[in-house]
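Encoded as structure tokens, here's the structure I'll be asking about.
The structure presented is a predicted model; accordingly, all values stated were derived computationally and were not measured.
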Amino acid sequence: MEENQEKYIPINKGHFELEPPERIAAFAKKLGSGWETEYADYRRMWRELPEKQIVRDYPLLVDLEMASVCNLKCPMCPTTTSEFIHQRSSKANKGLMDADLAKRIIDEIAGKVYALRLSWVGEPTLHKKLVDVVRYAKEKGIQEVSFLTNGWKLELEYFIQLQTAGVDWITISIDGMDEIYDRIRAPLKFRDTVKKLQRIAAYKEEHGLQKPVIKIQGVWPAVRDRAEEFYNIFAPITDLIAYNPLIDYLHNDTNIVYEDSFVCPQQYERITISANGTVALCSNDDNVEVVLGDAHQESIHSIWHGDAMQAIREQQKKKNGFMEINPCKKCYYPRKTESNESATINGRVFVIENYLNRSQTIGE
């Protein structure tokens, strides 16, 4: 790709907040509390490194998949597909990361990586040592430790364990309300999940806690018809409310329209390690089709600077070079969007961006 040719490098694509600017700013302030200068550097580099195609000595963030299995079977989730089950099945670890491997990785990256995300595709709270790994990462000085959960285990007692261990950020997937949520997230119940968050919010307020920040997110089709009601239920008891248009999680789409001259930012920002230690192409390579290394045998540093990762970066630099990489062709990052929908929440109008030729029916 020519140096002067305009590139399309999406940063944090596909995630949108149903929030006014002051709530978004407050979320960032809470998350950066206690490491304000470094947090500002971290967020700046998250954008700057891919835009300038600079390879840092270590990634900014490491994804450690504590569990590749889940206790739910949501209709839009890749864990339900035969491809995922075939590609990711492992009798050796039963879909759970070896806690010693996680700690060894933390030993290497501590002081070099800003953020650690203890989840990927599966449900991390299925791992019995999740709290221990959170505590270990914080004791080693990782500034931001987070994970995504379906919320099934977030009773107050377990939350207190996580908070005491030092977790900074918990994101909970909440798709719709009442019967829609109950159907998508079965056997979880919407009203039970709301009560869990109410108890957590009360505990945080009682103890003057800013962290962990609590973010919720849902797929837009599940939220669309009651978006204002959804927002008003959760705004008093969470720190940030977000949504994403329905992505082709199941990899069914064929008539995909792409942005021109796409270059992926992830190979300059983060590295993703699956539950069995295999290092995937990126956090969107759900099936681990492209293997960049083995964390059991190699250091994170050697994989980050290794021939396989560098070859991906070079391929991405070519005009539409991503089309030669199978997971990239199926990814939502290079996919064109259109602003074809809007929503009004408490007088604020939001423009919704959907992917071209992408069904917004859950399960398709």
Report task. Flag yes if Leu356 and Phe16 sit in one hydrophobic cluster, no otherwise; membership is Ile, Leu, Val, Met, Phe, Trp, Tyr, and two members link when side-chain heavy atoms are under 4.5 Å apart. Result -> no

Requested in this report: Check Leu246 against Ser359 and note the closest heavy-atom contact, atom names and distance.
Outcome: CD2-O, 3.8 Å

Report task. Give, for atom OG1 of Thr193 and atom CG of Leu154, the distance between the pair rounded to the nearest 0.5 Å. Result -> 9.0 Å

Query - Polar side-chain atom of His127 near backbone of Met97 as donor-acceptor pair, under 3.5 Å - result: yes

**Report entry** Closest non-hydrogen atom pair, Asn354 against Pro245
**Finding:** OD1-CB, 3.4 Å

Query raised in the report: So, do Pro212 and Phe159 sit near enough that their side-chain heavy atoms are less than 4.5 Å apart?
Result: yes

Query raised in the report: Taking side chain as C-beta onward, heavy atoms only, is Glu324 less than 4.5 Å from Lys318?
Result: no

Query raised in the report: Got His251 and Asp286 here, is their nearest side-chain heavy-atom distance under 4.5 Å?
Result: yes

Query raised in the report: If you measure from the Lys or Arg side-chain nitrogens to the Asp or Glu carboxylate oxygens, is any gap between Asp57 and Lys112 under 4.0 Å?
Result: no

**Report entry** Nearest-0.5 Å distance, CG of residue Asn346 to CG of residue Leu18
**Finding:** 10.5 Å

Query raised in the report: Would you say Glu65's side chain and Val121's backbone share a donor-acceptor pair under 3.5 angstrom?
Result: yes

Query - Test item: Thr238 side-chain N/O and Phe234 main-chain N/O as donor-acceptor pair under 3.5 Å - result: yes

Report task. Rounded to the nearest 0.5 Å, what's the gap from NZ on Lys29 to CD1 on Ile24? Could you check? Result -> 16.0 Å

**Report entry** Sidechain N-carboxylate O distance under 4.0 Å for Arg44, Asp41
**Finding:** yes

Report summary line: All heavy atoms of Thr344 vs all of Glu228, minimum pair found to be O-OE1, 3.8 Å

Report summary line: In this structure, NZ of Lys215 is separated from CD of Glu19 (nearest 0.5 Å) by 10.5 Å

Requested in this report: Answer yes or no: does atom CD of Glu157 have more than 12 heavy-atom neighbours from other residues, nucleotides or ligands under 6.0 Å?
Outcome: no

Requested in this report: Give a yes or no on this: more than 12 heavy atoms of other residues, nucleotides or ligands lie within 6.0 Å of atom CG of Asp307.
Outcome: no

Requested in this report: Report, as yes or no, whether the 6.0 Å neighbourhood of atom CD on Glu205 holds more than 12 heavy atoms from other residues, nucleotides or ligands.
Outcome: no

**Report entry** Nearest-0.5 Å distance, CG of residue Leu126 to OG of residue Ser119
**Finding:** 12.0 Å

Requested in this report: Let me see the working for Gln267 and Leu281 under side-chain contact (heavy atoms from CB on, under 4.5 Å), right down to the final yes or no.
Outcome: CA-CA 8 Å; Gln267 282 76 41; Leu281 171 66; 3.9 Å; yes

**Report entry** Salt-bridge contact Asp168-Lys138 (side-chain N to carboxylate O under 4.0 Å)
**Finding:** yes

**Report entry** Lys319/Ser261 under side-chain hydrogen bond (donor to acceptor under 3.5 Å, both in side chains): CA gap, chis, key distance, verdict
**Finding:** CA-CA 5 Å; Lys319 181 175 173 59; Ser261 301; 3.3 Å; yes

Query raised in the report: Are Leu148 and Val131 joined in one hydrophobic group, where the rule is that I, L, V, M, F, W and Y side chains link up if heavy atoms are under 4.5 Å apart?
Result: no

Report task. Walk me through it: do Arg23 and Asp239 pass the test salt bridge (Lys or Arg N to Asp or Glu O under 4.0 Å)? Result -> CA-CA 7 Å; Arg23 284 256 302 175; Asp239 298 291; 5.9 Å; no

Requested in this report: Flag the pair Asp225 / Ile180 as yes when at least one side-chain heavy-atom distance between them is below 4.5 Å, and no otherwise.
Outcome: no

Query - Chi angles and distances behind the side-chain hydrogen bond (donor to acceptor under 3.5 Å, both in side chains) call for Glu123, Asn71 - result: CA-CA 7 Å; Glu123 173 52 46; Asn71 55 335; over 6 Å; no

**Report entry** Centroid separation Phe322 to Tyr258 less than 6.0 Å
**Finding:** yes

Requested in this report: Can you see which heavy atom on Ile362 is nearest to which on Ala222, and at what distance?
Outcome: CD1-CB, 3.8 Å

Query raised in the report: Cation over ring, Arg313 on Trp304, under 6.0 Å and within 45°?
Result: yes

Query raised in the report: Under a 4.5 Å side-chain heavy-atom rule over Ile, Leu, Val, Met, Phe, Trp and Tyr, are Ile325 and Val257 clustered together?
Result: no

Query raised in the report: Does Glu51 offer a backbone N or O that forms a donor-acceptor pair with the side chain of Gln53 under 3.5 Å?
Result: no

Query raised in the report: Going through the distances and angles, do Gln217 and Thr171 end up as a side-chain hydrogen bond (donor to acceptor under 3.5 Å, both in side chains)?
Result: CA-CA 7 Å; Gln217 64 184 36; Thr171 297; 5.1 Å; no

Report summary line: Of all heavy-atom pairs linking Val213 and Lys204, the shortest is CA-NZ, 4.0 Å

Query raised in the report: So do the side chains of Arg348 and Ile345 get within less than 4.5 Å of each other, counting heavy atoms only?
Result: yes

Report summary line: Value for CE (Met177) from CG (Asp182), rounded to nearest 0.5 Å, stands at 10.5 Å

Query - Main-chain N/O of Ser68 paired to Trp120 side chain as donor or acceptor, under 3.5 Å - result: no

**Report entry** For the student: nearest non-hydrogen atoms of Ile241 and Phe230, plus distance
**Finding:** CG2-CE2, 3.9 Å

Requested in this report: Using modelled atom types only, decide if a donor and an acceptor are shared between the side chain of Gln266 and the backbone of Ser283 within a distance under 3.5 Å.
Outcome: yes

**Report entry** Parallel, tilted or perpendicular: ring planes of Phe262 versus Tyr8, cut at 30 and 60 degrees
**Finding:** tilted

Query - Pair Lys103 + Asp100, salt bridge at N-O below 4.0 Å - result: no

Query raised in the report: Thinking salt bridges, do Lys330 and Asp253 make one under a 4.0 Å N-O criterion?
Result: no

Report task. Could you state whether Val351 and Tyr231 fall into the same hydrophobic cluster, counting links through intermediate Ile, Leu, Val, Met, Phe, Trp or Tyr residues with side-chain heavy atoms under 4.5 angstrom apart? Result -> no

Query raised in the report: Arg224 versus Ile352: any side-chain heavy-atom pair under 4.5 Å?
Result: no

Requested in this report: Could you label the plane-to-plane angle of the Tyr58 and His301 rings as parallel, tilted or perpendicular, counting under 30° as parallel and over 60° as perpendicular?
Outcome: tilted

Query raised in the report: Would the number of heavy atoms belonging to other residues, nucleotides or ligands and lying under 6.0 Å from NZ of Lys129 be above 12?
Result: no

Query raised in the report: Can Arg358 be said to sit on top of Tyr332's aromatic six-ring, NZ or CZ under 6.0 Å from centre and within 45° of the ring axis?
Result: no

Report task. Please test Asp132 against Arg135 for salt bridge (Lys or Arg N to Asp or Glu O under 4.0 Å), starting from the C-alpha separation and ending with a verdict. Result -> CA-CA 5 Å; Asp132 293 338; Arg135 182 181 297 107; 3.3 Å; yes

Report task. Side-chain contact test, heavy atoms from C-beta onward, threshold under 4.5 Å: evaluate it for Pro265 versus Lys13 and give yes or no. Result -> no

**Report entry** Asn326/Glu289 under side-chain hydrogen bond (donor to acceptor under 3.5 Å, both in side chains): CA gap, chis, key distance, verdict
**Finding:** CA-CA 8 Å; Asn326 196 48; Glu289 293 183 57; 2.7 Å; yes

Query raised in the report: Would a hydrophobic clustering, with Ile, Leu, Val, Met, Phe, Trp and Tyr connected at side-chain separations under 4.5 Å, put Leu250 with Val69?
Result: no

Query raised in the report: Taking it one step at a time, do Thr272 and Asp285 satisfy side-chain contact (heavy atoms from CB on, under 4.5 Å)?
Result: CA-CA 9 Å; Thr272 304; Asp285 184 12; over 6 Å; no

**Report entry** Note, Lys196 side chain near Tyr158 side chain (heavy atom, < 4.5 Å)
**Finding:** no

Query raised in the report: Side chains of Trp152 and Thr125: is there a donor and an acceptor less than 3.5 Å apart?
Result: yes

Query raised in the report: Quick one: do Arg270 and Asp63 make a salt bridge, cutoff under 4.0 Å?
Result: yes

